[in-house]
Amino acid sequence: MNVLSSASAFNPGSDLWILPDFSCSRWTRRIDWHLNFQIIRACRRPSPEPREFITLIQKETELEVFNLVQLPNAPLLISSVSFFPNRWVVVIPNADFFEAWVRQSSDIWEALKHPTLRIFLPTGQSSSSFHNEWSNRHATEDFTLVLD
(Lines give C-alpha, C1' and ligand atoms only; values in the text may rest on other atoms or scores of the structure.)
Protein backbone atom coordinates (compact mmCIF):
# COMPACT_ATOMS: atom_id res chain seq x y z
CA MET A 1 0.00 0.00 0.00
CA ASN A 2 1.44 3.33 -1.10
CA VAL A 3 0.09 6.72 -0.05
CA LEU A 4 0.44 9.26 -2.85
CA SER A 5 0.86 12.98 -2.42
CA SER A 6 -1.54 15.46 -4.00
CA ALA A 7 1.03 16.26 -6.66
CA SER A 8 1.26 12.65 -7.85
CA ALA A 9 -2.42 11.69 -7.57
CA PHE A 10 -2.97 11.88 -11.34
CA ASN A 11 0.20 9.95 -12.25
CA PRO A 12 -0.07 6.68 -14.21
CA GLY A 13 0.04 3.35 -12.46
CA SER A 14 -3.53 2.24 -11.73
CA ASP A 15 -6.31 1.10 -14.05
CA LEU A 16 -9.17 1.68 -11.61
CA TRP A 17 -9.69 4.82 -9.55
CA ILE A 18 -12.34 4.69 -6.83
CA LEU A 19 -13.80 7.94 -5.50
CA PRO A 20 -16.35 8.88 -2.83
CA ASP A 21 -19.36 11.08 -3.52
CA PHE A 22 -19.06 14.86 -4.11
CA SER A 23 -20.10 15.65 -0.57
CA CYS A 24 -17.26 13.56 0.85
CA SER A 25 -14.27 14.49 -1.29
CA ARG A 26 -12.66 17.44 -3.01
CA TRP A 27 -10.92 15.01 -5.38
CA THR A 28 -14.23 14.02 -6.93
CA ARG A 29 -14.89 17.61 -7.97
CA ARG A 30 -11.43 17.97 -9.52
CA ILE A 31 -11.64 14.69 -11.38
CA ASP A 32 -15.17 15.49 -12.57
CA TRP A 33 -13.86 18.71 -14.12
CA HIS A 34 -11.27 16.70 -16.10
CA LEU A 35 -14.01 14.23 -17.13
CA ASN A 36 -16.05 17.08 -18.64
CA PHE A 37 -18.55 16.92 -15.77
CA GLN A 38 -19.74 13.38 -16.55
CA ILE A 39 -20.21 12.59 -12.85
CA ILE A 40 -22.43 15.56 -12.02
CA ARG A 41 -24.48 15.07 -15.20
CA ALA A 42 -25.06 11.42 -14.38
CA CYS A 43 -26.18 12.34 -10.87
CA ARG A 44 -28.64 14.96 -12.09
CA ARG A 45 -30.07 13.14 -15.09
CA PRO A 46 -32.97 10.79 -14.43
CA SER A 47 -32.87 7.33 -15.92
CA PRO A 48 -34.74 7.10 -19.21
CA GLU A 49 -38.06 5.32 -19.13
CA PRO A 50 -38.75 2.90 -22.00
CA ARG A 51 -41.38 4.14 -24.39
CA GLU A 52 -44.72 2.35 -24.50
CA PHE A 53 -44.13 1.35 -28.11
CA ILE A 54 -40.85 -0.41 -27.24
CA THR A 55 -42.46 -2.17 -24.31
CA LEU A 56 -45.31 -3.34 -26.55
CA ILE A 57 -42.87 -4.65 -29.18
CA GLN A 58 -40.91 -6.54 -26.53
CA LYS A 59 -44.07 -8.10 -25.17
CA GLU A 60 -45.42 -9.05 -28.63
CA THR A 61 -42.13 -10.54 -29.82
CA GLU A 62 -41.39 -12.14 -26.45
CA LEU A 63 -38.01 -10.49 -26.30
CA GLU A 64 -36.30 -10.28 -22.96
CA VAL A 65 -37.11 -7.06 -21.14
CA PHE A 66 -34.18 -5.28 -19.52
CA ASN A 67 -34.67 -2.97 -16.57
CA LEU A 68 -32.48 0.05 -17.33
CA VAL A 69 -33.50 2.09 -14.33
CA GLN A 70 -30.52 3.26 -12.30
CA LEU A 71 -30.81 2.76 -8.56
CA PRO A 72 -30.49 5.99 -6.56
CA ASN A 73 -27.32 5.04 -4.66
CA ALA A 74 -25.70 2.81 -7.27
CA PRO A 75 -21.99 3.27 -8.02
CA LEU A 76 -21.16 5.09 -11.24
CA LEU A 77 -18.55 3.56 -13.59
CA ILE A 78 -17.00 5.85 -16.22
CA SER A 79 -14.51 4.93 -18.91
CA SER A 80 -11.74 7.51 -18.50
CA VAL A 81 -9.09 6.37 -20.98
CA SER A 82 -9.34 9.63 -22.95
CA PHE A 83 -9.01 11.83 -19.86
CA PHE A 84 -6.63 10.17 -17.40
CA PRO A 85 -3.82 7.59 -17.41
CA ASN A 86 -6.24 4.87 -16.28
CA ARG A 87 -9.16 2.83 -17.63
CA TRP A 88 -12.03 3.48 -15.23
CA VAL A 89 -13.25 5.90 -12.60
CA VAL A 90 -15.86 4.64 -10.13
CA VAL A 91 -17.80 6.97 -7.86
CA ILE A 92 -19.36 5.29 -4.84
CA PRO A 93 -22.01 7.39 -3.09
CA ASN A 94 -22.71 7.57 0.64
CA ALA A 95 -19.24 7.58 2.11
CA ASP A 96 -20.82 8.47 5.47
CA PHE A 97 -20.60 4.89 6.61
CA PHE A 98 -16.94 4.11 5.89
CA GLU A 99 -17.16 0.34 6.37
CA ALA A 100 -19.91 0.04 3.73
CA TRP A 101 -17.94 2.26 1.35
CA VAL A 102 -14.85 0.05 1.67
CA ARG A 103 -17.01 -3.06 1.15
CA GLN A 104 -18.49 -1.61 -2.04
CA SER A 105 -15.01 -0.62 -3.24
CA SER A 106 -13.83 -4.15 -2.67
CA ASP A 107 -16.84 -5.68 -4.44
CA ILE A 108 -16.34 -3.49 -7.50
CA TRP A 109 -12.62 -4.26 -7.60
CA GLU A 110 -13.40 -7.98 -7.49
CA ALA A 111 -16.13 -7.71 -10.15
CA LEU A 112 -13.65 -6.02 -12.51
CA LYS A 113 -11.20 -8.94 -11.99
CA HIS A 114 -8.65 -7.22 -9.72
CA PRO A 115 -7.24 -4.38 -11.87
CA THR A 116 -4.49 -2.18 -10.48
CA LEU A 117 -6.16 0.11 -7.97
CA ARG A 118 -6.02 3.70 -6.70
CA ILE A 119 -8.39 4.77 -3.92
CA PHE A 120 -9.21 8.41 -3.21
CA LEU A 121 -10.30 8.36 0.42
CA PRO A 122 -13.22 10.38 1.77
CA THR A 123 -12.41 13.53 3.71
CA GLY A 124 -11.31 12.80 7.25
CA GLN A 125 -10.42 9.15 6.69
CA SER A 126 -6.91 7.96 7.34
CA SER A 127 -4.87 5.39 5.48
CA SER A 128 -4.74 3.22 8.59
CA SER A 129 -8.54 3.12 8.93
CA PHE A 130 -8.83 2.11 5.28
CA HIS A 131 -6.08 -0.48 5.69
CA ASN A 132 -7.87 -2.04 8.66
CA GLU A 133 -11.18 -2.32 6.77
CA TRP A 134 -9.53 -3.55 3.57
CA SER A 135 -7.40 -6.19 5.32
CA ASN A 136 -10.58 -7.70 6.81
CA ARG A 137 -11.64 -8.55 3.24
CA HIS A 138 -8.38 -9.08 1.30
CA ALA A 139 -4.81 -10.14 1.87
CA THR A 140 -3.52 -8.05 -1.02
CA GLU A 141 -2.15 -4.59 -0.34
CA ASP A 142 -1.03 -3.81 -3.87
CA PHE A 143 -2.82 -0.48 -4.35
CA THR A 144 -2.29 3.24 -3.90
CA LEU A 145 -4.19 5.68 -1.68
CA VAL A 146 -4.76 9.39 -2.05
CA LEU A 147 -5.81 11.28 1.08
CA ASP A 148 -8.25 14.19 0.94
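Numbers here simply count residues along the sequence, with the first being 1.
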Subject >> Results of side-chain contact (heavy atoms from CB on, under 4.5 Å) for Gln104 - residues two or more places apart only >> reply: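 In terms of side-chain contact (heavy atoms from CB on, under 4.5 Å), with neighbours along the sequence ignored, Gln104 is linked to Pro75, Ile92.
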**OP:** Using side-chain contact (heavy atoms from CB on, under 4.5 Å) as the criterion, list what pairs up with Ser79, not counting sequence neighbours.
**Re:**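 With sequence neighbours excluded, Ser79 shows a side-chain contact (heavy atoms from CB on, under 4.5 Å) to Val81, given in chain and number order.
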What closest approach, in Å, do [X] and [Y] show between heavy atoms, and which atom pair accounts for it?
X	Y	answer
Val3	Ser127	CG2-CB, 3.9 Å
Thr123	Ser25	OG1-CA, 3.8 Å
Leu112	Pro115	O-CD, 3.5 Å
Asn11	Trp17	O-CZ2, 4.3 Å
Ile39	Leu35	CD1-CD1, 4.0 Å

Enumerate the side-chain hydrogen bond (donor to acceptor under 3.5 Å, both in side chains) contacts for [range], please, sequence neighbours excluded, ordered by first and then second residue.
range	value
residues 27-37	none
residues 105-117	Ser106-Arg137, Ser106-His138, Asp107-Arg137, Glu110-His138
residues 80-92	Ser80-Asn86

Subject >> Results of salt bridge (charged side-chain N to carboxylate O under 4.0 Å, His left out) for Arg26 - residues two or more places apart only >> reply: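 Listed in chain order: Asp148.
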**OP:** Only counting residues at least two apart or in another chain, list the ones meeting ring pair (Phe, Tyr, Trp, His ring centres under 6.0 Å) with Phe22.
**Re:**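 None.
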Do [X] and [Y] come within less than 4.5 Å of each other through their side chains, counting heavy atoms only?
X	Y	value
Trp101	Asp21	no
Phe83	Phe10	no
Phe120	Val91	no

Subject >> side chain to side chain donor-acceptor pair (under 3.5 Å) involving Ser126 - partner list, sequence neighbours excluded >> reply: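 Side chain to side chain donor-acceptor pair (under 3.5 Å) check on Ser126 returns Ser128, Ser129.
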**OP:** List for me each residue that meets side chain to side chain donor-acceptor pair (under 3.5 Å) alongside Asp142, sequence neighbours excluded, and say none if there are none.
**Re:**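 Asp142 satisfies side chain to side chain donor-acceptor pair (under 3.5 Å) with no other residue.
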Original post:
Transitive ILVMFWY cluster of Leu63 at side-chain heavy atoms under 4.5 Å: who else is in it?
Top reply: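 Via sub-4.5 Å side-chain contacts, Leu63 links to none.
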Subject >> Hydrophobic cluster partners of Phe53 (side-chain heavy atoms under 4.5 Å) >> reply: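 Members alongside Phe53: Ile57.
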Original post:
Tell me the salt bridge (Lys or Arg N to Asp or Glu O under 4.0 Å) pairs involving residues 75-86, sequence neighbours left out?
Top reply: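 Qualifying pairs, neighbours excluded: none.
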**OP:** May I have the step-by-step check of side chain to side chain contact (heavy atoms under 4.5 Å, CB included) for Leu145 and Trp134, ending in yes or no?
**Re:** CA-CA 12 Å; Leu145 290 177; Trp134 185 267; over 6 Å; no
**OP:** First locate atom CZ of Arg118, then atom CD1 of Ile18, and finally report the distance between them rounded to the nearest 0.5 Å.
**Re:**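 One finds 12.0 Å between CZ of Arg118 and CD1 of Ile18.
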Original post:
Any donor and acceptor pair, going by atom type alone, linking the side chain of Arg103 with main-chain N or O of Glu133 inside 3.5 Å?
Top reply: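 Checking the backbone N and O of Glu133 against the side chain of Arg103, no donor-acceptor pair under 3.5 Å is found.
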